[in-house]
Amino acid sequence: TVKYVKRNDVRLKTGRREEFNETLSQFLGSVEGKVKGLKGFLVMNHTTDENEMMVLTLWESEYDMEVFYHPSNKAFGEFVDRASPLFESKPKRTDYAVSFFRI
């Protein structure tokens with residue numbers, strides 16, 4: 001059951017979307033099914049601004065979400081180090097509790 005969502009608003013440098021999407025896809029693929037509480041993710045590219053994207057990660061518990069995004073998480077830290085040169089500005093992260101979820 002998805003109970004929490006981490007929203008990551010990303011602003012990329014011009015012309016870096018494909019590279020970031022590839023880097024992000026590799027990272028998410030490497031953690032999929034291996035991170036406690038991670039139920040899924042959604043990556044969205046803005047339709048008219050190629051530098052804007054949103055990444056949602058879907059979580060079973062708030063605790064698991066916080067553990068994943070904590071600076072002590074080596075895998076996440078390595079991803080951020082690889083992706084940082086592609087960012088125009090530091091991503092903004094916001095936490096949400098899910099009221100209801102259906103697909």
Side-chain angles (χ1 to χ4, degrees):
T1 304
V2 174
K3 295 184 179 179
Y4 293 90
V5 175
K6 177 78 77 175
R7 175 179 166 173
N8 301 271
D9 293 313
V10 179
R11 178 90 188 151
L12 297 169
K13 292 178 181 173
T14 299
R16 304 309 286 268
R17 182 160 73 178
E18 292 304 318
E19 184 179 354
F20 179 75
N21 277 334
E22 180 64 29
T23 301
L24 180 60
S25 175
Q26 288 173 358
F27 172 68
L28 291 172
S30 75
V31 300
E32 191 172 14
K34 299 174 186 171
V35 175
K36 184 177 183 289
L38 179 61
K39 304 305 285 182
F41 45 84
L42 178 63
V43 178
M44 299 178 288
N45 295 314
H46 195 285
T47 58
T48 59
D49 184 345
E50 73 172 36
N51 299 340
E52 291 285 334
M53 3 181 6
M54 185 187 307
V55 179
L56 304 177
T57 54
L58 313 174
W59 297 90
E60 195 169 53
S61 80
E62 186 175 23
Y63 176 79
D64 293 337
M65 179 176 71
E66 294 309 318
V67 166
F68 180 79
Y69 282 95
H70 193 272
S72 65
N73 179 348
K74 184 179 176 184
F76 184 68
E78 289 173 358
F79 163 72
V80 170
D81 289 346
R82 279 196 318 273
S84 288
L86 308 176
F87 297 145
E88 184 176 286
S89 57
K90 184 178 176 180
K92 179 183 174 194
R93 295 191 182 98
T94 311
D95 298 348
Y96 293 88
V98 176
S99 295
F100 56 91
F101 180 80
R102 185 180 328 183
I103 294 181

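Residues Met53 and Leu58 do not share a hydrophobic cluster, defined by chaining ILVMFWY side chains whose heavy atoms lie under 4.5 Å apart. Following chains of ILVMFWY side-chain contacts shorter than 4.5 Å, one cannot reach Met65 starting from Tyr96, and the two form parts of different hydrophobic clusters. The hydrophobic clustering, which links ILVMFWY residues whose side-chain heavy atoms are closer than 4.5 Å, places Phe100 and Ile103 apart. Val35 and Val55 fall within the same hydrophobic cluster, defined by Ile, Leu, Val, Met, Phe, Trp and Tyr side-chain heavy atoms under 4.5 Å apart, directly or through other members. Two different hydrophobic clusters hold Tyr4 and Phe101 under the rule that ILVMFWY side chains link at heavy-atom gaps under 4.5 Å.
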Report, one line per pair, each donor and acceptor closer than 3.5 Å where one atom sits in a side chain of residues 67-86; sequence neighbours left out.
| residue | atom | partner | partner atom | Å |
| --- | --- | --- | --- | --- |
| Tyr69 | OH | Asn8 | ND2 | 3.2 |
| Tyr69 | OH | Thr57 | OG1 | 2.9 |
| His70 | ND1 | Ser72 | N | 3.0 |
| His70 | ND1 | Ser72 | OG | 2.9 |
| Asn73 | OD1 | Ala75 | N | 3.1 |
| Asn73 | OD1 | Phe76 | N | 3.3 |
| Asn73 | ND2 | Phe68 | O | 2.7 |
| Ser84 | OG | Val80 | O | 2.7 |

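In plain terms, the two heavy atoms of Ser30 and Phe27 that are nearest each other are OG-O, 2.7 Å. Between Pro91 and Val10, the closest heavy-atom pair is CB-CG2, 4.3 Å.
Looking only at side-chain heavy atoms (C-beta outward), Trp59 and Leu38 come within less than 4.5 Å of each other. Inter-residue side-chain proximity for Leu28 and Val43 is flagged as met; some heavy-atom pair is nearer than 4.5 Å. Under the 4.5 Å side-chain criterion, counting only non-hydrogen atoms from C-beta, Val5 is in contact with Val98. No side-chain heavy atom of Glu19 sits under 4.5 Å from any side-chain heavy atom of Leu12. Glu52 has its side chain within reach of Arg11: a pair of non-hydrogen atoms, C-beta onward, lies under 4.5 Å apart. Residues Lys6 and Glu66 have side chains in contact (heavy-atom distance under 4.5 Å, counting atoms from C-beta outward).
From Leu56, atom CG reaches atom CE of Met54 across 6.0 Å, with rounding to the nearest 0.5 Å. Atom NZ of Lys3 and atom OG of Ser99 lie 13.0 Å apart (nearest 0.5 Å). Atom OG1 of residue Thr23 and atom CD of residue Glu18 lie 11.0 Å apart, to the nearest 0.5 angstrom.
In Tyr63, the OH atom is not crowded: 12 or fewer heavy atoms of neighbouring residues, nucleotides or ligands sit closer than 6.0 Å.
Within the 3.5 Å criterion, the main-chain N or O of Glu22 finds no donor-acceptor partner in the side chain of Ser25.
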TODO: Report the C-alpha distance between Arg7 and Asp9 in whole Å, list the side-chain angles of each, state the deciding distance to 0.1 Å, and finish with yes or no for salt bridge (Lys or Arg N to Asp or Glu O under 4.0 Å).
DONE: CA-CA 6 Å; Arg7 175 179 166 173; Asp9 293 313; 3.0 Å; yes
